[in-house]
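One structure below.
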Amino acid sequence: MNYIYEFDIAACALMIMFSVLLAIRKNFPTYSNKLYACMLAGNLFATAMDLVTVFTIAKADTLPLWVNYLTNIVYLTSFNGCAVLYYMYVLAITKENRTTRLDRAVAIAVITIDVVFISTTPLTKWIFFFDEENNYCHGPLMLLLYVTAVFMLFYSFLISVKYRHSLTKYQIVSIVIFNLSLIGAIILQAIFSDILLQGFACSLYLIVVYVSLQNPDDYMDKTTGCFNQYAFNKTLEKHIVKNTPFTVLSFVPDDFQYINCILGVKNTNELIDSISVYLMNEFNAQNVFHLYGCRYAVMIDENTGDLDSTVFRLKAHFAKPCVINGTEVQLSPKMCFINYPDFANTPEDITDSLEFCLKTTAHDESNELVAATEEALVKKNRENQIVHIMKRAIQNNEFKVYYQPLYSTEKGRFTSAEALVRLIDPELGFIPPDEFIPLAERNGLIAKIGELIFRSVCEFMHRSDIFKLGVEYIEVNLSTVQCMQENLAPTMLSIMKEFSIAPNRINFEITETAHSINDKTLINTMNALIKEGSTFSMDDYGTGFSTANYLIRLPLYIVKIDKSILWPAMKSEEAMNVLKHTVMMLKSLNKGIVVEGVEDEAMASLLIDMGVEFLQGYYYSKPIPEQSYIEFLQEHQG
Ligand code: C2E
Ligand code: CA
Ligand code: CA
């Protein structure tokens with residue numbers, strides 16, 4: 001038979017060029033990458049062997065028969081081996097570390113069938129044989145080889161469909177299209193056995209796989225050339241699955257934000273580049289990861305030395321200043337490490353523990369090596385638990401609102417109260433709002449919770465007779481995230497309407513951050529509510545920057561001076577001056593003033609003498625439940 005083998009030559013040339021390109025670029029050593037390299041090498045070998053068999057079959061008259069048997073056996077085994085490699089590759093990218101015994105058994109069974117039938121063919125003549133005239137002939141079971149190859153491809157295809165959620169849509173489409181075309185090519189080959197098509201079809205397929213499934217850039221940090229956070233996670237995962245002990249050292253220059261501000265973006269990037277180059281040269285580049293900003297991780301396993309020597313080398317390097325564009329920068333890195341196996345057993349837990357350790361390492365500890373502790377994970381666990389409790393509390397309306405009376409010094413009675421949310425869980429007990437409100441903000445729950453609190457306040461005002469007991473309005477806290485919402489005013493107004501509460505019965509408390517984050521939305525919301533009669537207070541004055549800017553810009557009715565201004569005033573003359581001048585300044589701006597944290601009579605009389613209009617604090621009452629609040633009012637002004 002005359003074979004058309006030009007496709008095989010083109011395939012070999014294509015794969016050699018492609019292999020060279022891959023070899024010179026930095027590749028992340030994952031299992032799927034290694035399998036991909038094996039597929040490429042395997043396919044190149046099988047195609048080359050195909051060409052060799054064309055030659056040996058043509059020379060069958062002159063060559064010893066065993067040479068022809070051997071070359072054909074090697075060719076057929078390697079070619080069918082490629083289908084099995086491809087199957088393993090699909091398993092690696094879809095199921096990652098979750099391959100089962102059955103998965104492996106399928107591969108072993110197919111290889112065994114192929115090898116047994118192919119290698120015994122000189123005796124059985126089942127797959128191929130040479131007739132009396134030394135012609136190469138297909139045996140009765142030649143088709144079996146095509147069947148096992150197609151089976152492997154089809155089975156891989158089914159796996160990729162089943163585990164499609166671990167692939168992108170684009171990857172699934174390319175697998176489907178090209179798998180089917182490869183199966184088509186094999187069937188064609190079975191029909192037209194003189195055209196050697198398979199090698200070429202496979203090489204095209206491998207290039208498509210590279211483009212659609214192999215994403216080497218996913219692992220690379222393009223600016224520094226280091227491996228990135230994703231690669232770091234994959235490396236951790238690999239070690240954890242194998243259960244091999246390792247240590248990770250993570251570090252960041254102390255005061256990096258400050259360095260960034262002073263040096264500017266361009267110089268800071270140069271600084272990061274120079275650190276990356278140093279790390280990749282000093283340590284094995286495969287063990288160096290640039291996480292983000294100027295944060296790095298170095299993986300220390302049995303091949304890369306120990307923690308002490310790594311730290312020693314880093315310290316020696318950073319003892320000298322870095323020179324960036326002629327400017328000397330002295331860096332002192334904060335360094336944290338974690339051992340596996342220890343308390344953190346997932347990539348996420350390891351990353352979180354290191355991150356928390358670096359964040360909480362004090363300035364004076366920089367240049368010291370600190371061990372990550374379980375604290376971050378305990379905190380994370382509690383946070384997850386609280387988020388779960390909040391979701392349940394939203395569903396079952398379990399949030400309670402307590403009221404803390406505000407004393408009007410002018411009227412000599414309690415004209416208002418601040419509504420303060422309470423969350424009590426049977427297991428965790430009282431959860432402070434300072435703890436769960438920020439979590440609700442980060443988890444997208446605050447809008448719903450804020451609405452529930454406001455409903456509860458309006459419903460209480462509607463149901464009780466607090467107005468008859470001398471209360472004029474209730475103060476309601478708005479979280480910064482609520483203030484960022486465009487529809488806050490209409491939502492609040494419709495709730496007030498539902499319970500027939502006049503908007504002037506509500507004073508909303510906002511904080512400085514609400515102003516700094518989205519000034520425009522906030523002012524629109526404030527104006528819309530003020531138009532209907534509500535008023536606004538600035539909460540926690542004195543805890544932030546307390547700039548004059550927002551006092552002038554925002555339509556504020558009241559400013560609430562924080563306890564951190566009041567309490568020190570009772571102890572030092574300077575702090576007393578701060579309090580006095582704050583009160584005077586706010587008065588000159590015609591703002592009403594509330595002072596919070598009034599805990600004893602001395603504080604109360606001092607503030608009354610200063611002419612502060614409203615006082616709030618434990619001296620008068622702690623925040624109390626609805627019924628106690630009504631009793632409090634009845635007792636004091638009934
Ligand atoms: P905040 O708005 O500054 O509330 C005043 C906090 O000071 C309350 O703590 C109150 O119990 C406490 N306090 C009042 N008087 C005294 C005193 O004399 N001495 C001392 N040591 N503390 C006093 P609480 O209820 O734990 O609330 C903490 C923070 O949680 C609030 O600070 C507020 O930022 C937030 N929060 C509470 N309820 C809500 C709410 O319904 N919505 C929103 N968005 N945040 C709320
Ligand atoms: Ca408040
Ligand atoms: Ca406050």
Side-chain angles (χ1 to χ4, degrees), residues 386 390 393-394 397-407 414 416-424 429-443 445-458 460 473-485 488 491-492 495 506-514 517 522 525 535-544 546 556-570 593-604 606-607 614-626 628-629 632:
I386 293 177
M390 284 193 289
I394 290 175
N397 204 0
E398 287 168 27
F399 290 101
K400 295 272 168 289
V401 179
Y402 278 33
Y403 294 85
Q404 186 178 32
L406 263 78
Y407 181 72
F414 295 92
S416 173
E418 177 173 3
L420 292 157
V421 65
R422 293 292 176 257
L423 177 60
I424 296 155
F430 172 76
I431 306 169
D434 279 334
E435 186 178 8
F436 73 77
I437 297 276
L439 280 177
E441 290 181 332
R442 271 185 270 143
N443 289 278
L445 302 173
I446 193 64
K448 191 73 208 154
I449 295 176
E451 213 180 296
L452 287 176
I453 296 167
F454 194 57
R455 281 187 158 271
S456 166
V457 171
C458 291
F460 170 61
Y473 61 93
I474 295 290
E475 310 221 336
V476 175
N477 289 284
L478 290 180
S479 122
T480 299
V481 176
Q482 280 177 286
C483 294
M484 283 155 64
Q485 281 161 354
L488 182 68
T491 308
M492 293 314 203
I495 295 173
I506 302 290
N507 174 281
F508 292 101
E509 295 189 8
I510 56 168
T511 58
E512 208 176 287
T513 37
I517 287 181
L522 176 68
T525 298
T535 50
F536 279 82
S537 296
M538 178 56 71
D539 203 358
D540 303 337
Y541 186 80
T543 55
S546 308
L556 294 167
Y557 176 59
I558 287 174
V559 176
K560 297 187 80 169
I561 298 179
D562 193 69
K563 37 193 174 280
S564 59
I565 294 209
L566 171 64
W567 292 350
M570 308 310 289
I593 301 172
V594 177
V595 177
E596 290 184 285
V598 181
E599 292 202 337
D600 54 38
E601 200 186 340
M603 293 184 191
L606 170 86
L607 295 165
F614 302 99
L615 306 182
Q616 177 183 0
Y618 293 175
Y619 173 61
Y620 296 103
S621 168
K622 287 197 166 183
I624 43 179
E626 287 173 359
S628 314
Y629 176 51
F632 176 93

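When a ligand or atom number is given, it counts from 1 through the structure's own listing order.
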Top protein contact for atom 24 (P) of ligand 1, by heavy-atom distance: P433 CG, 3.8 Å

Atoms of ligand 1, numbered as shown, that sit under 4.0 Å from any heavy atom of P623: 11 (O)

Atom 45 (N) of ligand 1 protein-contacted (non-hydrogen atom, under 4.0 angstrom): yes

Under-3.0 Å protein N/O/S neighbours of the Ca ion (ligand 3), ordered by chain then residue number: D539 OD1, D540 OD1, E596 OE1, E596 OE2

Atoms of ligand 1 close to S479 [distance to a heavy atom under 4.0 angstrom, numbered from 1]: 44 (N)

Contact atoms of ligand 1, heavy-atom distance to E596 under 4.0 Å: 3 (O), 5 (C)

Whether S537 has an N, O or S atom under 3.0 Å from the Ca ion (ligand 2): no

The Ca ion (ligand 2) to nearest N/O/S of E418 below 3.0 Å: yes

Atom indices of ligand 1, in the order listed, that fall short of 4.0 Å to a heavy atom of D434: 28 (C), 29 (C), 30 (O)

Element-labelled atoms of ligand 1 that are located less than 4.0 Å from some non-hydrogen atom of V421: 38 (N), 39 (C), 40 (C), 41 (O)

Residue portion contacting ligand 1 (non-hydrogen atoms closer than 4.0 Å) for K560: neither

Any N/O pair W567/ligand 1 closer than 3.5 Å: no

Distance flag for atom 9 (O) of ligand 1, protein heavy atom under 4.0 Å: no

